[in-house]
Amino acid sequence: MTYLQWNKILFLFLTSFTLLGQSQKKDLTKLSYDALHDLYFQNEGNPKKQISYTNAYMTKAIRENSNIRKAKANYQIALLYYKTDTNKAIMYLDSVIKYSQNTGDKYFPVAAYCEKADFLKIKYQFKEAMSNYNQAEKIALKTNTDYYYVVREYIAITKSEDLGDYNEALDIFKECYRYYNTVDVRSSKYSRRYQDILFGLADCYKSLQNTDSTTYYNKLGYRESNITRNEEYKYLFILNEGANQALKKNYKVALDSIHKALPKMIEYNNVGNVLAAYFYLGKVYDGLGKKTIAAENFIKVDSIYKVTKEISTEFIDGYPFLITYYKNLGDKENQLKYTTAYMAINSVLEKNYKKLNKLVQKEYDTPHLISEKESVIEFLNNEQRKFYWGLGFLFTAIIFISGFGLHQYQLKKKYQTRFKKIINQSLEVKENQIGNNDTKTINNIVKTGDIGIGEELINHILQKLKVFEKNKGYLESNITIQTLSTIFETNSKYVSKIVNVFKGKTFIQYINVLRIEYAIVQLKENNKLRKYTIQALALEFGFNNAESFSTAFYKKTGIKPTYFIKELDMDKQA
């Protein structure tokens, strides 16, 4: 299956998100439930604030002894653990279910059962997940017809993508399809859900090798997403049809569709479908006899899997190809590498899906893989022994120890120099000057040639950027060139070009430099911040995780933030 990014639609069923013009009060419990709810979701990415609003929500609920409000407070807490602690998330969802049972609420406990099922799927507990989905659909059937079909869709997705029960999934998708044909599927309320169902139908038919029906629903989905201006889904249907054409061996048509869709999947950070695109490119180039290009694309699939640790059994066929490809080239090291990777993936799939999943079909059986792996290892070991025997252990050890010691000394000296340089530089920058030190003047740019943008528009966007920097808009973790362009009420290409020319950076580099310059100043001035974890600092300065913060910090300063903080603390003690 081509992956569909199933958006979390449960939030849409709570209360509507309204922007609050009021300032935060000291006693948050004086705010209404709706106000606290809105503030919670407006502060996604800032868990400290979200916890404060949820605590106030819970306090009001306990004070008023409102079970449904207690349930909703627990639901908000569960969402905070979505990416960090599955077990805690499930625990809070159980509290949601407990408090919302028999309340007659339109969305609870149905939403909690569905979220709990999602977490159980992450833990490969599919039987328990299906049990929770079944509980959800029984309640939704009585309380909320629309939501009932959302739950039915979740069940169909699980049967199709996780359990391989394509025929059962297809029946459910058809049931949902009939329902949505009774409502306005081009309205904002139903359009995305309807297109999800069309995708599910197309994907199930593709898995069942019914390529004609796949094409029918891909075309229907493309038409609907185009009419409703859902660009991501439009290109998703293009990608799915490209995969379908690859199965039909219409390789040129498949290439055209996949190459159109892949940049959009990358743009939308749709990682699952980026992987799918590379996989089907590998299949197409293999079919065209271009083995080297096929291998390059299958290697990209492996690279994505190493990062996400998520792969469908549909996409593991690239590994047997890579094993055979490198075996024919006589490249034993890569043959061993992809044999080991393939065996590891098969082991995970067999362990987690052995009773429920019908998808695992291996081109190589396990004994054959083990035999080949041992043979390759023995060959490589013999080659290594021949190579290293003449060099001598002592010589190697001396060189290694000496080199390592020298490297550590030079590295330490280099880091100290870089740290002193940062300290000696005047980083006491005014708020509206951070990031402006490399801004070029308009006159200088005009002299070097026309950049294709009017001077008035350039001045307008530069002024907007100045305000953006002054207001520290770069600390928003979800800022993108598209969202900034929308705020500026201009074209993203103009913003990108002006940032490139006048800031001398790409947009991402520009944002990261602003964040790091701000971080350096704050860490120097605020010793409390230096006690934060790197993850907490990353969130504080607008990054999504510790790794991206550390990488950006190193690119800007040449040292890691942990080293910078350590040296700052030592400097203060001295």
Side-chain angles (χ1 to χ4, degrees), residues 42-51 79-85 266-269 271 303-304 306-309 411-412 414-423 425 427-429 431 433-438 465 468-484 499 503-572:
Q42 288 166 17
N43 284 277
E44 283 188 59
N46 190 334
K48 288 183 180 179
K49 284 189 176 181
Q50 286 186 299
I51 289 170
L79 295 179
L80 293 175
Y81 290 105
Y82 183 77
K83 293 182 179 179
T84 58
D85 193 329
I266 294 172
E267 179 184 333
Y268 285 105
N269 195 29
V271 179
S303 298
I304 294 172
K306 284 177 180 175
V307 174
T308 64
K309 297 301 179 186
L411 198 62
K412 184 177 180 181
K414 185 187 294 183
Y415 281 179
Q416 287 176 342
T417 302
R418 290 173 179 173
F419 173 77
K420 289 177 181 177
K421 182 179 179 182
I422 298 169
I423 294 299
Q425 286 175 342
L427 292 177
E428 304 296 329
V429 188
E431 290 181 353
Q433 291 179 325
I434 291 179
N436 287 348
N437 54 325
D438 50 58
L465 287 172
F468 168 76
E469 293 169 6
K470 181 177 180 181
N471 294 337
K472 301 184 185 69
Y474 48 83
L475 296 181
E476 293 292 333
S477 62
N478 59 352
I479 190 73
T480 65
I481 195 164
Q482 286 78 20
T483 57
L484 192 60
V499 169
K503 302 296 180 179
K505 301 176 181 69
T506 66
F507 181 77
I508 293 174
Q509 290 170 341
Y510 166 64
I511 293 297
N512 284 347
V513 166
L514 289 172
R515 289 170 174 171
I516 298 305
E517 288 178 352
Y518 179 77
I520 290 171
V521 173
Q522 293 301 307
L523 288 170
K524 284 181 62 180
E525 295 179 348
N526 190 344
N527 62 346
K528 291 182 179 179
L529 277 177
R530 298 200 290 271
K531 296 177 182 178
Y532 283 19
T533 65
I534 297 301
Q535 176 65 26
L537 288 173
L539 297 174
E540 184 77 18
F541 298 128
F543 294 90
N544 290 319
N545 53 63
E547 183 179 357
S548 60
F549 171 58
S550 294
T551 300
F553 196 99
Y554 186 85
K555 283 183 179 179
K556 172 67 180 171
T557 65
I559 59 178
K560 292 287 185 180
T562 49
Y563 179 85
F564 181 70
I565 293 169
K566 178 183 175 184
E567 290 296 308
L568 278 175
D569 288 336
M570 290 177 64
D571 209 43
K572 294 293 181 183

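Nothing fancy with the numbering, it's 1 onward along the sequence. In this text, all values refer to a predicted model and were calculated from it rather than measured experimentally.
Of the options Ile516, Thr551, Leu537, a side chain to side chain contact (heavy atoms under 4.5 Å, CB included) to Phe543 is made by Ile516 and by none of the others.
Leu529 has its side chain within reach of Phe541: a pair of non-hydrogen atoms, C-beta onward, lies under 4.5 Å apart. Using a 4.5 Å heavy-atom cutoff, the side chains of Phe564 and Arg530 are not in contact.
Rounding to the nearest 0.5 angstrom, the gap separating the CG atom in Leu80 from the CD atom in Glu44 is 9.5 Å. Arg515 contributes atom CZ, which lies 14.5 Å from atom CZ of Phe553 (distance to the nearest 0.5 angstrom). Distance CG/Asn512 to OH/Tyr474: 12.5 Å, rounded to 0.5 Å. Expressed to the nearest 0.5 Å, how far CD1 of Ile534 lies from NZ of Lys560 amounts to 10.0 Å. The line from NZ of Lys49 to CD of Gln42 is 10.5 Å long, rounded to the nearest 0.5 Å. Summarising the geometry, atom CD belonging to Glu469 is positioned 8.5 Å from atom CD1 belonging to Ile511; distances are rounded to the nearest 0.5 Å.
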Worksheet entry | Test side-chain contact (heavy atoms from CB on, under 4.5 Å) applied to Phe468 and Leu484, step by step | CA-CA 9 Å; Phe468 168 76; Leu484 192 60; 3.6 Å; yes

Could you walk me through whether Val513 and Lys503 satisfy the side-chain contact (heavy atoms from CB on, under 4.5 Å) test, starting with their C-alpha distance in whole Å, then the side-chain angles of each, then the deciding distance to 0.1 Å, before giving a yes or no? CA-CA 10 Å; Val513 166; Lys503 302 296 180 179; over 6 Å; no

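The two residues Ser550 and Pro561 have their closest heavy-atom pair at OG-CG, 3.7 Å. Here the shortest heavy-atom pairing between Tyr518 and Lys472 reads CE1-CE, 3.1 Å. Considering all non-hydrogen atoms of both residues, Asn544 and Gln535 come closest at O-NE2, 3.9 Å. Nearest heavy atom pair, residue Gln482 against residue Glu267, reads NE2-OE2, 4.1 Å.
No more than 12 heavy-atom neighbours from other residues, nucleotides or ligands sit within 6.0 angstrom of NZ on Lys528. Surrounding CD1 of Ile508 are at most 12 heavy atoms belonging to other residues, nucleotides or ligands under 6.0 Å away. Around CD of Glu540, the count of heavy atoms belonging to other residues, nucleotides or ligands within 6.0 Å exceeds 12.
At least one donor-acceptor pair under 3.5 Å links the side chain of Gln509 to the backbone N or O of Thr506. Side-chain atoms of Asn545 come within 3.5 Å of backbone N or O of Glu547 as a donor-acceptor pair. Although no hydrogens or angles enter the test, the distance criterion places a donor-acceptor pair under 3.5 Å between the side chain of Thr308 and the main chain of Ile304.
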